[in-house]
Amino acid sequence: MIRQSLRCTGLLQNSCRAYSVIPPPRDTEEKDMMHRMLRVDHAGEYGANRIYAGQMAVLGRSRTGPLIQQMWDQERKHLAKFNEILAENRVRPTALLPLWNLAGFVLGASTALLGKEGAMACTVAVEESISEHYNSQIRALMESDPERYTELLQVIKEFRDDEMDHHDIGLEHDAESLPGYWLLKNAIQLGCKAAIYASQRI
């Protein structure tokens with residue numbers, strides 16, 4: 001009773017709303033938009049988890065292992081949150097998850113085989129792509145109805161900030177010293193754009 005009273009007086013984060021993050025859709029258009037947005041965000045976090053899993057398979061026992069593990073732990077929290085949001089809102093995950101499962105692990109492991117610099121270059125490329133994608137979603141939600149999407153904006157902004165931290169960590173740990181860094185970065189980011197496009201639609 002006390003907890004409910006605090007909610008209704010606005011003293012707890014979600015006030016008296018009957019949902020945790022996503023408001024009930026007003027129409028089919030909004031429902032479709034939110035499902036596409038959540039589906040691709042979930043796919044991105046799923047893919048990031050598989051990339052870090054691949055990196056840990058190669059570098060887990062190295063001096064870089066604890067740093068990769070730290071970033072992976074944050075990505076696990078992101079994925080758990082989107083799993084929760086998808087279940088609450090009955091959003092179908094992308095049918096491409098089996099592909100992202102394999103592709104993410106292979107990308108993480110293969111770049112880690114280039115050494116710490118390769119793993120960090122991959123991290124910079126992927127996290128920059130995810131951050132830019134989150135920023136585009138933030139702009140769209142702010143232009144649409146920031147009050148309506150307050151909770152979702154908080155989640156996306158928090159995760160975006162984590163991704164940018166990972167990006168900066170990669171740069172601080174010699175990503176750009178990898179021979180062919182810019183070529184690898186551009187190739188990975190091209191793949192990220194294709195994955196985002198496909199995950200929104202399939």
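When reading the values below, keep in mind they use all heavy atoms of this one structure, side chains included, and skip hydrogens, waters and symmetry mates. Quick note: residue numbers are just sequence positions, from 1.
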With ILVMFWY side chains joined below 4.5 Å, transitively, what does [X]'s cluster contain besides itself?
X      : value
Trp72  : Tyr52, Met56, Val58, Leu59, Leu67, Ile68, Met71, Leu113, Met120, Ile169
Leu183 : none
Leu102 : Val106

I'd like a table of donor-acceptor pairs (distance under 3.5 Å, sequence neighbours excluded) in which one partner is a side-chain atom from residues 33-42, with atom names and distances.
unit_1 : atom_1 : unit_2 : atom_2 : d
Arg39  : NE     : Arg92  : O      : 2.8
Asp41  : OD1    : His133 : NE2    : 3.3
Asp41  : OD1    : Gln137 : NE2    : 2.9
Asp41  : OD2    : Gln137 : NE2    : 3.4
His42  : NE2    : Asn83  : OD1    : 2.8

Determine whether [X] and [Y] fall in the same hydrophobic cluster, where Ile, Leu, Val, Met, Phe, Trp and Tyr are linked whenever their side-chain heavy atoms lie under 4.5 Å apart.
X      : Y      : answer
Ile51  : Phe105 : no
Val126 : Leu114 : yes
Leu107 : Leu96  : no
Leu79  : Leu86  : no

Pairs involving [range], ordered by first then second residue, that meet salt bridge (charged side-chain N to carboxylate O under 4.0 Å, His left out) (sequence neighbours left out):
range            : result
residues 120-137 : Glu128-Lys185
residues 191-202 : none
residues 66-87   : Asp73-Arg76, Lys81-Glu84

| With no hydrogens and no angle check, is any side-chain donor or acceptor of Gln55 less than 3.5 Å from a backbone partner on Gly108? | no

| query | Does Asp27 reach the main-chain N or O of Glu29 with its side chain, forming a donor-acceptor pair under 3.5 Å? | reply | yes

Rounded to the nearest 0.5 Å, how far apart are [atom1] of [X] and [atom2] of [Y]?
X      : Y      : atom1 : atom2 : result
Ser131 : Glu163 : OG    : CD    : 5.5 Å
Asn135 : Lys157 : CG    : NZ    : 10.0 Å
Leu178 : Thr111 : CG    : OG1   : 9.0 Å
Arg160 : Leu153 : CZ    : CG    : 10.0 Å
Ile188 : Ser129 : CD1   : OG    : 8.5 Å
Asn89  : Lys31  : CG    : NZ    : 10.0 Å

| task | Measure across Ala43 and Ser199 and return the closest heavy-atom pair with its distance rounded to 0.1 Å. | result | CB-OG, 3.6 Å

| remark: All heavy atoms of Pro24 vs all of Glu30, minimum pair found to be O-OE1, 4.2 Å

| said: Side chains of Ile85 and Val91, heavy atoms from C-beta outward: is any pair under 4.5 Å? | reply: no

| query | Any side-chain heavy atom of Tyr46 within less than 4.5 Å of one from Leu97? | reply | yes

| request: Write out all pairs satisfying ring-ring contact (aromatic ring centres under 6.0 Å, His included) with one or both partners inside residues 78-103, taking only residues at least two apart or from two chains. | output: His78-Phe159, Phe82-Phe159

| field | ring-ring contact (aromatic ring centres under 6.0 Å, His included): pairs with one or both residues in residues 166-202, sequence neighbours excluded | value | none

| request: Could you pull out all residues at least two apart from Asp174 that satisfy salt bridge (charged side-chain N to carboxylate O under 4.0 Å, His left out)? | output: Lys116

Donor-acceptor contacts under 3.5 Å from residues 138-145 side chains, at least two apart:
unit_1 : atom_1 : unit_2 : atom_2 : d
Asp145 : OD1    : Glu147 : N      : 3.4
Asp145 : OD1    : Arg148 : N      : 3.2

| Pair Leu190-Asn186, side chain to side chain contact (heavy atoms under 4.5 Å, CB included): steps then yes or no | CA-CA 6 Å; Leu190 184 62; Asn186 289 334; over 6 Å; no

| message | Quick check on Arg26: does its CZ atom have over 12 non-hydrogen neighbours (other residues, nucleotides or ligands) under 6.0 Å away? | response | yes

| field | Residues which pass side-chain hydrogen bond (donor to acceptor under 3.5 Å, both in side chains) with Asn101, listed by chain and number, not counting sequence neighbours | value | Arg50

